[in-house]
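Heads up: the structure comes next, in structure tokens.
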Amino acid sequence: MKQHNYQTQVTWTGNQGQGTLNYASYSRDHEIMVAEKYDAIQGSSDPSFLGDKSKYNPEDLFLSSLSSCHMLWFLHLCSVHKIVVTSYVDNAKGTMEESVDGSGKFTMVTLNPIVTITDGTLTALANSLHEKANRMCFIANSCNFTVHHQPTTLVG
């Protein structure tokens, strides 16, 4: 079995002079870097947890990871099956439930890809490849819940 290793660096940039003296004394801002990538991702926490709403939060990144992994597998499978995709947009949605103790977890994610293909006779096959993409997705396979998908396939 092949093994792939990944490494990131997360740097907290939110010390406002008092460190974590209390819950409101610090910013949740941070940068996410990966060696040899061209720019840092500016992160924070969700605004519900005193984060900056203009920056990516871990929940945003988790949902986008699921969506992009599914998309990449779907595009690969389409190329293998000679389905020409000319457009792909996913409006993914997820639900995270917060527990009484403040912890939480995602309980549901639904991917809503809108895909445009060139040959309408391959629509059924294209739609069926979403199931296989879901089974192949590394990120979906790492979740403790089912990732649903509701694809729309257009011809153009």
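Residues Phe62 and Ile32 do not share a hydrophobic cluster, defined by chaining ILVMFWY side chains whose heavy atoms lie under 4.5 Å apart. Taking hydrophobic clusters as Ile, Leu, Val, Met, Phe, Trp and Tyr residues chained together by side-chain heavy-atom distances below 4.5 Å, Tyr56 shares a cluster with Val10. Under the 4.5 Å side-chain heavy-atom criterion for ILVMFWY residues, no single connected hydrophobic cluster contains both Leu111 and Leu72. By the rule that hydrophobic residues join a cluster once side-chain heavy atoms approach within less than 4.5 Å of another member, Met96 and Val147 end up as members of one cluster.
Here the straight-line distance linking atom OG of Ser64 with atom CD1 of Ile41 works out to 8.0 Å at 0.5 Å rounding. Atom NE2 of His149 sits about 8.5 Å away from atom CG of Asn127, to the nearest 0.5 Å. A distance of 5.5 Å separates CD1 of Ile114 from OG1 of Thr152, quoted to the nearest 0.5 Å. In this structure, the separation between CD on Glu59 and CG on Asp46 is 5.5 Å, given to the nearest 0.5 Å. Once rounded to the nearest 0.5 Å, the distance linking CD of Glu98 with NZ of Lys105 reads 13.5 Å. Taken from CG in Leu63 to CD1 in Ile139, the straight-line distance is 12.0 Å, to the nearest 0.5 Å.
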- Task: Would you check, one step at a time, whether the test side-chain contact (heavy atoms from CB on, under 4.5 Å) holds for Ile83 with Leu125?
- Result: CA-CA 9 Å; Ile83 298 171; Leu125 176 58; 3.8 Å; yes

- Task: List the steps, then state whether side-chain contact (heavy atoms from CB on, under 4.5 Å) holds for Gln7 with Asn5.
- Result: CA-CA 7 Å; Gln7 189 171 330; Asn5 298 299; over 6 Å; no

- After noting the C-alpha distance and the side-chain angles of Leu129 and Cys78, does the key distance pass the side-chain contact (heavy atoms from CB on, under 4.5 Å) rule? CA-CA 7 Å; Leu129 292 178; Cys78 283; 4.0 Å; yes

- Message: For a side-chain contact (heavy atoms from CB on, under 4.5 Å) check, start with the C-alpha distance between Phe106 and Met108, then their side-chain angles and the critical distance, and finish with the verdict.
- Response: CA-CA 6 Å; Phe106 272 81; Met108 184 194 70; over 6 Å; no

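Legend: ring-ring contact (aromatic ring centres under 6.0 Å, His included) pairs involving residues 77-105, not counting sequence neighbours, sorted by first then second residue: Phe74-Tyr88. Counting only residues at least two apart or on different chains, no salt bridge (Lys or Arg N to Asp or Glu O under 4.0 Å) pair has a member in residues 127-153.
Side chains of Ser45 and Asn57: no donor on one and acceptor on the other come within 3.5 Å.
You'll find the side chain of Thr13 stays beyond 4.5 Å of the side chain of Gln42, heavy atoms only. Side-chain contact check for Thr86 versus Thr118: some heavy-atom pair is nearer than 4.5 Å. Taking 4.5 Å as the limit, some side-chain heavy atom of His70 sits within range of a side-chain heavy atom of Asn134. Using a 4.5 Å heavy-atom threshold, the side chains of Gln16 and Ser25 count as separate. Val85 has its side chain out of reach of Thr116: every pair of non-hydrogen atoms, C-beta onward, lies at least 4.5 Å apart.
A side-chain donor-acceptor contact under 3.5 Å links Ser44 to the backbone of Asp52. For the pair Asp90 (side chain) and Asn112 (backbone), a donor-acceptor distance under 3.5 Å is present.
When all heavy atoms are compared, the tightest approach of Ser67 to Ala92 is CB-CB, 4.2 Å. Asn15 approaches Gly19 most closely through the heavy-atom pair OD1-N, 3.0 Å. Scanning both residues, Cys137 and Leu66, for their nearest heavy atoms gives SG-O, 4.3 Å. What you find for Met33 and Asp39 is that their closest heavy atoms are SD-C, 4.1 Å.
Of the charged side-chain nitrogens involved, at least one lies within less than 4.0 Å of a carboxylate oxygen, so that Lys55 and Asp29 count as a salt-bridged pair.
Annotation: cation-pi geometry satisfied between Arg28 and Tyr23 (NZ/CZ under 6.0 angstrom from ring centroid, within 45° of ring axis).
More than 12 heavy atoms of other shown residues, nucleotides or ligands fall within 6.0 angstrom of atom CZ in Phe145.
Ring geometry for Trp12 against Tyr26 counts as perpendicular: the plane angle is over 60°, on a 0 to 90° scale with 30° as the lower cut.
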